[in-house]
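Written below as structure tokens is the structure these notes are about.
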Amino acid sequence: MTTLRFEHGTVHAETDAAEADTALADLPNVEVDPRSGGFRAPAMYYADLRDALVAAGIDFEDRIAPVVDSDRSLSTTYDLRSYQRDALDSWLDADSRGVVELPTGAGKTVLAVAAMAAHSVPTLVVVPTIDLQDQWLRELETEFDVPVGRFGGGEQTQESITVSTYDSAYLRADDVGGDFGLVVFDEVHHLGGEGYQDIPRFLAAPARLGLTATFERPDGEHERVAELVGRRLYRLDVDDLAGDHLADYEVRRVEVELTAAEREAYDEAQSTFVNYLRSSGLSMQSGSDYQKLVMRSGTDPRARKALLAKQRARDVMMNSEAKVDKLARLLARHREDRVIIFTASTDLVYRISRRFLVPPITNETGTKERREILARFRDGTYDTVVAANVLDEGVDVPDANVGILLSGSGSEREFTQRLGRILRPKSDGSTATLYELVSVETAEERVADRRR
DNA sequence: TTGACTCAACATCCTTTGCTACAA
DNA sequence: TTGTAGGTTTCCATGTTGAGTCA
């Protein structure tokens, strides 16, 4: 009898008939295992092996397929919105493999719950942060009324529905990868990271759903994600839902001038950088060109000096005094509003916090304190918070109607996530506003263009 | 159980002009 | 002539997170 087993992140086919050998031998990604005499492939190809055996009419014992308990089939009370239904149908039509891209606040969790109910198989949900893990646990326990396991945050309990962090999934996938029939990757763009790519490889789950608001990655690794989880099947962006399921919004670019001293410092540092590029023949057309410079800086003192100068220039343009002055005027204008201030540096967060007496949140803010601040922001005790990159993703941030980008990277993802923080529909139907402060005649103008 | 700490991993980091070698 | 890719056994700094360890 031919048998399929899960072993350490792989699927192993033990065969005892020539027909089975023939059916498996030509499959891509499947190799002969000289030790066992059978065939072996990364667990992600489990469905290919199974389908090949079925197609060849071969009787086999499948020790991987998760047992479906008919008494515990999942059902959901959610009423899907039309676009959620369309996204779900696209996914089901694509053999339950693929990525759905929806903006923050569009109800990706609801879609995942519907997908889980549609399959009713043991499911692993993978999320990037403990905070998101808590949210998913609450949601799933409420919706399905079944125990939900947890990998991460100091706990390792497995249930037919288990929510894991990416880090714990990485540590456990080669062990438990054969136990799930469906895997949901929340914020699936994280799978572009080199190490995390092993997670979907080590999982046998034939059904795979990726959720994200920003699928494409500047490094192109979303192509890899598509190979591991499935291609992007459905996509809506903020503008498709604004005014209907999300708040209407406007983005206002506010240009600020550097002070004379800042201008001098910026020009000096920037010209050190540019002069080095000219003299060394380096062109800067992409991130990989920048990477070349970084590598060179490990051995070439001039390259290192140029790189440090570039960082000084960035500091000046992103943290200029003029921006803080402009911020004062914006805060005065929006005294009645709920405001989140975003920066790219923790120093600036604390500077603003001290000057405007606004609670700061950075990576240095402990979990307990962070929750307290957000709770007070939620209940209205605070009407403004200032954060570095902490609130961009993976945190349940209370709604605001004004966002102020004091500084940020050229990342489209970061911009989209920050915009998403102010787009929850307003009870009075009012428009959300995102201010983008840009130092004129600096590289920040290009940075701001790039992220849009 | 909690908090402080270390560690590893991941993400961003980008000019305004135009080199060199090689394949089609 | 035109188009395209470009070496390396990584990795300047900063921000952020989760896991693990220890007191």
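Hydrogens, waters and symmetry mates play no part in the numbers below; they use all other heavy atoms, side chains included. Naming convention: chains lettered A, B, ... in sequence-line order (proteins, then strands); numbering from 1 in each chain.
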NZ/NE/NH1/NH2 to OD/OE distance under 4.0 Å, Glu321(A) and Arg355(A): yes

Short side-chain donor-acceptor distance under 3.5 Å, Thr109(A) and Glu139(A): no

Thr346(A) side chain near dG15(C) phosphate (N/O to OP1/OP2, under 4.0 Å): yes

Ignoring hydrogens and angles, tell me if any N or O in the side chain of [X] forms a donor-acceptor pair with the backbone of [Y] under 3.5 Å.
X	Y	result
Arg421(A)	Leu391(A)	yes
Asp337(A)	Val339(A)	no
Ser96(A)	Ala207(A)	no
Trp91(A)	Arg208(A)	yes

Side chain to side chain, Tyr290(A) and Leu307(A), heavy atoms closer than 4.5 Å: yes

Close side-chain approach of Thr272(A) and Glu268(A), heavy atoms under 4.5 Å: yes

Residue whose nearest DNA chain B nucleotide is more 5′ - Glu414(A) or Gln270(A): Glu414(A)

Nearest-nucleotide comparison on DNA chain B, the residue closer to the 5′ end among Ser409(A) and Val274(A): Ser409(A)

Separation of the C1' atoms in dC12(C) and dC13(B), to the nearest angstrom: 9 Å

Interatomic distance at P, dG6(C) relative to dC14(B), whole Å: 23 Å

Pairing partner of dT1(B) (Watson-Crick or G-U wobble, both distances under 3.5 Å): none

For dT15(B), glycosidic torsion class - syn if within 90° of 0, otherwise anti: anti

Parallel, tilted or perpendicular, as decided by the 30° and 60° cut-offs, for the rings of Tyr166(A) and His190(A): tilted

Annotated protein contacts, base or backbone, on nucleotides 17-23 of chain C with a non-hydrogen cut-off under 4.0 Å, one of B, S, - each: SSSS---

Rounded distance (Å) that lies between atom P of dC10(B) and atom CZ of Phe185(A): 14 Å

Residue-level proximity of residues 304-316 of chain A to DNA chain C when a heavy atom falls under 4.0 Å: Arg304(A), Leu307(A), Leu308(A), Gln311(A)

Contacting residues from residues 216-229 of chain A, given that a heavy atom lies under 4.0 angstrom of DNA chain C: none

Most 5' of Ala387(A) and Gly298(A) on DNA chain C, judged by nearest nucleotide: Gly298(A)

Distance, nearest 0.5 Å, that separates CD1 of Ile373(A) from OH of Tyr382(A): 6.0 Å

Atom CD of Glu31(A): over 12 foreign heavy atoms under 6.0 Å: no

Sugar-phosphate only, base, or nothing, as touched by Tyr166(A) at under 4.0 Å among non-hydrogen atoms: nothing

Sugar-phosphate, base or nothing in reach of Tyr170(A), heavy atoms under 4.0 Å: nothing

